[in-house]
Amino acid sequence: MKIATYNVNGVNGRLPVLLRWLAEEQPDVVCLQELKAPQEKFPQQAIIDAGYNAIWHGQKSWNGVAILARGMEIQEVSRGLPGDDEDTQSRYIEAVVNGILIGGLYLPNGNPAPGPKFDYKLSWFERLHKHAARLVELDIPVILTGDFNVMPTEQDVYKPERWVDDALFRPETRDAFHKLIAQGWTDAIRKLYPTETIYTFWDYFRNAYGRDAGLRIDHFLLNPKIADRLKSAGVDRHVRGWEKTSDHAPVWIELAEK
DNA sequence: ATGGCCTTGCATCAAGGA
């Protein structure tokens with residue numbers, strides 16, 4: 001079973017790229033982030049025609065998350081991260097697919113830092129900690145995946161010294177990520193590739209992809225009930241080289257059947 | 001150190017992104 005996460009940076013503008021990638025790689029489950037489309041503008045028919053069921057949490061202009069599943073039922077559990085009724089940003093969706101509880105998330109960017117946007121990022125992280133603490137202990141397989149907007153270590157940044165004051169790499173942000181992992185989650189990519197340089201995002205600026213000036217900010221966290229089923233993982237980085245592509249590449253893991 | 005680019009939207013620039 002192959003599960004992927006992909007920050008598409010606009011699901012409608014990116015539809016040809018998304019459909020081509022789905023057809024070529026045929027992931028079983030896909031978590032999408034940055035739909036940048038209101039609920040009624042999600043390209044549902046095109047996704048169905050591609051062979052996928054879908055649930056999504058849209059929002060005009062910004063954010064937006066979805067879960068796709070190929071030929072499998074998606075049982076939605078919740079949308080929106082608990083803990084703040086005032087938070088109207090569409091950044092979390094949770095569902096059960098094939099016996100696995102999947103939380104798809106788009107963590108706030110947080111720049112500029114310090115400031116209110118960074119405060120929002122850290123408070124969102126705190127809410128995620130509370131929710132994830134329950135999920136990690138569940139007696140069923142749980143996967144938290146998406147765009148975390150965090151480079152966990154210096155290994156995950158092409159030029160770490162340039163990013164120390166950035167909201168994606170500040171000590172508070174890295175601490176928050178490591179506290180999350182310490183609950184008992186496995187960072188799937190790092191588990192399989194402990195020393196390799198692996199990026200999932202390349203800026204549109206300065207030929208970042210051509211120079212491989214990337215960041216690793218899209219992650220898969222596995223709870224103990226599923227960590228042993230991790231077979232392989234990777235980044236479809238060639239997709240980042242396509243025309244009209246997202247600044248993120250799709251990331252995936254493959255799980256053994258029970 | 002700076003700027004570079006791309007997306008969406010009551011648009012022809014602004015805001016957000018990372």
Side-chain angles (χ1 to χ4, degrees), chain A residues 5-19 21 31-43 46 56-66 87-92 104-125 145-174 176-177 189 197-219 235 237 239-251:
Chain A
T5 182
Y6 187 17
N7 179 322
V8 288
N9 187 16
V11 72
N12 288 305
R14 208 69 63 208
L15 196 56
V17 167
L18 175 61
L19 294 176
W21 170 72
C31 292
L32 297 177
Q33 301 88 39
E34 279 209 84
L35 303 179
K36 292 187 171 178
Q39 191 67 13
E40 65 277 11
K41 291 279 179 62
F42 183 83
W56 63 96
H57 190 198
Q59 182 180 332
K60 193 173 92 173
S61 301
W62 319 118
N63 311 315
V65 287
D87 186 359
T88 56
Q89 301 191 22
S90 299
R91 294 181 175 275
Y92 187 79
L105 64 90
Y106 174 47
L107 215 137
N109 174 305
N111 278 307
K117 291 188 174 178
F118 192 57
D119 295 341
Y120 174 62
K121 178 174 197 158
L122 295 181
S123 69
W124 207 94
F125 237 133
T145 188
D147 178 359
F148 284 70
N149 270 318
V150 180
M151 295 86 87
T153 73
E154 296 196 343
Q155 199 181 354
D156 303 308
V157 195
Y158 66 97
K159 199 171 268 197
E161 65 274 16
R162 282 233 179 142
W163 289 83
V164 286
D165 292 327
D166 190 278
L168 280 69
F169 197 54
R170 287 175 69 94
E172 303 95 314
T173 306
R174 279 183 272 171
F177 186 84
I189 295 277
T197 295
I198 295 177
Y199 300 138
T200 67
F201 166 92
W202 295 261
D203 218 307
Y204 286 123
F205 306 153
R206 293 164 270 168
N207 188 31
Y209 180 64
R211 296 185 298 119
D212 198 23
L215 309 172
R216 189 175 75 98
I217 56 178
D218 302 272
H219 306 296
V235 179
R237 55 179 289 152
V239 175
R240 178 64 182 79
W242 291 354
E243 287 291 307
K244 297 282 287 176
T245 200
S246 172
D247 40 7
H248 295 248
V251 186

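If you're wondering where the values come from, they're calculated on a predicted model, not measured in any experiment. Below, chains carry the letters A, B, ... as their sequence lines are ordered, and counting in each starts from 1.
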Inset, instruction - Looking at every strand, decide which applies to Asn7(A) at a 4.0 Å heavy-atom threshold: base, sugar-phosphate, or nothing. - result: sugar-phosphate

Inset, instruction - Quick one: label Asn9(A) by what it contacts on the DNA or RNA (base, sugar-phosphate, nothing), any heavy atom closer than 4.0 Å. - result: sugar-phosphate

Inset, instruction - Report the residue (Leu35(A) or Asp247(A)) whose heavy-atom-nearest nucleotide on DNA chain B is the more 5′ of the two. - result: Leu35(A)

Inset, instruction - At the 4.0 Å heavy-atom cut-off to chain A, mark where contacts on DNA chain B begin and end, going 5' to 3'. - result: dT2(B) to dA18(B)

Legend entry - Side-chain touch Ser61(A)/Lys36(A), heavy atoms, less than 4.5 angstrom: no

Legend entry - Passing option when Trp202(A) is tested against Asp212(A), Thr245(A), Asp247(A) for side-chain hydrogen bond (donor to acceptor under 3.5 Å, both in side chains): Asp212(A)

Legend entry - 4.5 Å side-chain heavy-atom contact, Trp21(A) and Trp242(A): yes

Inset, instruction - Could you check Trp163(A) against Lys60(A) and say which one's nearest nucleotide on DNA chain B is further toward the 5' end? - result: Lys60(A)

Inset, instruction - Check every strand shown and say whether Asn149(A) touches a base, only sugar-phosphate, or nothing at a heavy-atom separation below 4.0 Å. - result: sugar-phosphate

Inset, instruction - Considering only atom P, compute the distance from dA14(B) to dG3(B) and round it to an integer number of Å. - result: 16 Å

Inset, instruction - Kindly indicate whether the side chain of Asn63(A), heavy atoms from C-beta on, has any atom under 4.5 Å from the side chain of Tyr106(A). - result: yes

Inset, instruction - Could you check whether Tyr106(A) gets within reach of a base, just the sugar-phosphate, or nothing at all, counting any heavy atom under 4.0 Å? - result: sugar-phosphate

Inset, instruction - Give a yes or no answer on whether the side chain of Arg211(A) reaches the backbone of Arg206(A) with a donor-acceptor pair at less than 3.5 Å. - result: yes

Legend entry - dA1(B) versus dC6(B) - spacing of their C1' atoms, nearest Å: 23 Å

Inset, instruction - Side-chain contact test, heavy atoms from C-beta onward, threshold under 4.5 Å: evaluate it for Arg174(A) versus Phe169(A) and give yes or no. - result: yes

Inset, instruction - Look at all strands and tell whether Asp147(A) reaches a base, only sugar-phosphate, or nothing, counting heavy atoms closer than 4.0 Å. - result: sugar-phosphate

Inset, instruction - For nucleotides dT8(B) and dT2(B), find the distance between their C1' atoms and express it as a whole number of Å. - result: 26 Å

Legend entry - Nearest-Å distance once atom C1' is located in both dA18(B) and dC5(B): 12 Å

Inset, instruction - Looking at every strand, decide which applies to Lys121(A) at a 4.0 Å heavy-atom threshold: base, sugar-phosphate, or nothing. - result: nothing

Legend entry - Side-chain (Arg216(A)) to main-chain (Val157(A)) donor-acceptor, under 3.5 angstrom: no

Inset, instruction - Provide the distance between the two C1' atoms, one in dG17(B) and one in dG4(B), to the nearest whole Å. - result: 14 Å

